Amino acid sequence: MTTATPTDSAPDRPATLESERALESFLSTHDRVLVDFYTEGCTLCASIEPVIGNVARAHDDLAVATINPRDDPALIDRFAITSAPTLVLFEDGEERGRLADGFQGVDAIDAFLDGASDE
């Protein structure tokens, strides 16, 4: 068995996570992570899905994951998810920023990533 250590290498497509435990593992494995909290049946969430894929491919230093907080309701309270989609940026396991303004294009997400990293 190998132990995961933080890394700058990121997958070029979003990882689908199903639980708080899986999210914790993903956060501990990658230095910089963007998490898309989505819900099934949400049209905005479905619309942003290909955008999130493009963001994952465009950033070598960013690991991207998607998770439905309804699959593990503890996530809703822990991350104060009040709308979907909600994008949360983590650096070294700590929340650095969030974007919860409905559908966002690649340019808006890139600007958010740049701005959150400068804080």
Side-chain angles (χ1 to χ4, degrees):
M1 177 191 289
T2 60
T3 303
T5 56
T7 178
D8 286 332
S9 176
D12 65 353
R13 67 175 46 162
T16 302
L17 307 177
E18 297 182 3
S19 68
E20 184 174 20
R21 185 175 181 179
L23 176 58
E24 283 301 321
S25 176
F26 196 78
L27 291 174
S28 69
T29 304
H30 302 284
D31 294 332
R32 193 164 184 243
V33 177
L34 179 66
V35 179
D36 172 20
F37 290 90
Y38 74 95
T39 57
E40 292 294 326
C42 165
T43 57
L44 292 175
C45 299
S47 297
I48 204 170
E49 184 178 342
V51 174
I52 295 298
N54 289 337
V55 169
R57 284 185 290 283
H59 295 270
D60 292 336
D61 67 333
L62 180 72
V64 179
T66 62
I67 191 165
N68 183 345
R70 290 182 181 169
D71 291 342
D72 191 343
L75 293 167
I76 296 169
D77 290 334
R78 178 176 173 195
F79 293 104
I81 303 301
T82 59
S83 64
T86 295
L87 304 177
V88 180
L89 177 65
F90 296 89
E91 291 181 357
D92 299 321
E94 299 294 322
E95 183 176 334
R96 297 286 294 168
R98 67 176 47 217
L99 185 59
D101 298 326
F103 177 83
Q104 301 293 317
V106 172
D107 292 342
I109 295 172
D110 284 344
F112 161 70
L113 294 170
D114 291 341
S117 293
D118 294 339
E119 293 176 359

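What you see is a predicted model, and the numbers here were worked out from it, not measured in a lab.
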Considering all heavy atoms, the nearest Leu34-Phe112 contact: CD1-CE2, 4.0 Å
In Å, rounded to the nearest 0.5 Å, how long is the span from CG of Asp114 to CD1 of Ile109? 12.0 Å
If you round to the nearest 0.5 Å, how far is CD of Gln104 from OG of Ser47? 12.0 Å
For the residue pair Thr66 and Val35, establish whether any side-chain heavy-atom pair is separated by less than 4.5 Å. no
Going by the rule side-chain contact (heavy atoms from CB on, under 4.5 Å), which residues pair with Ala58 if we only count those two or more places apart in sequence or in a different chain? none
Decide yes or no on side-chain contact (heavy atoms from CB on, under 4.5 Å) for Val88 and Thr86, but give the supporting numbers first. CA-CA 6 Å; Val88 180; Thr86 295; 3.9 Å; yes
Could you list the residues that satisfy side-chain contact (heavy atoms from CB on, under 4.5 Å) with Ala22, not counting sequence neighbours? Leu17, Ser19
Please report, to 0.1 Å, the donor-acceptor pairs under 3.5 Å made by any side chain of residues 49-57, with sequence neighbours excluded.
residue: Asn54; atom: OD1; partner: Arg57; partner atom: NH2; Å: 2.6
residue: Arg57; atom: NH1; partner: Gly53; partner atom: O; Å: 3.3

If you take the centroid of each ring, where Trp contributes its six-membered ring, are Phe79 and Phe90 closer together than 6.0 Å? yes
Before giving the answer on side-chain contact (heavy atoms from CB on, under 4.5 Å), spell out for Arg32 and Leu89 the whole-Å C-alpha distance, their side-chain angles and the decisive distance to 0.1 Å. CA-CA 7 Å; Arg32 193 164 184 243; Leu89 177 65; 4.1 Å; yes
Report the distance from atom CG of Asp12 to atom NE2 of His59, rounding to the nearest 0.5 Å. 13.0 Å
So which atom in Arg98 and which in Ala80 form the shortest heavy-atom distance, rounded to 0.1 Å? NH1-O, 3.5 Å
Smallest heavy-atom separation, Ile48 atom then Gly102 atom, equals CD1-O, 4.4 Å
Single-linkage hydrophobic cluster, 4.5 Å side-chain cutoff, Leu99 and Phe103 together: yes
All side-chain contact (heavy atoms from CB on, under 4.5 Å) counterparts of Ala74, not counting sequence neighbours: Glu20, Asp72
I'd like to check the side-chain contact (heavy atoms from CB on, under 4.5 Å) partners of Glu40; sequence neighbours left out, ordered by chain and number. Tyr38, Asn68
Do the side chains of Leu62 and Leu113 get nearer than 4.5 Å, heavy atoms only? yes
Any side-chain heavy atom of Thr16 sitting closer than 4.5 Å to one from Ile67? no
Is there a side-chain contact between Leu23 and Leu75, using heavy atoms and a 4.5 Å cut-off? yes
Test of understanding: with salt bridge (Lys or Arg N to Asp or Glu O under 4.0 Å), list the residues that count as partners of Glu24, not counting sequence neighbours. Arg78
Where Phe26 and Val64 come nearest, the two heavy atoms and their spacing: CZ-O, 3.7 Å
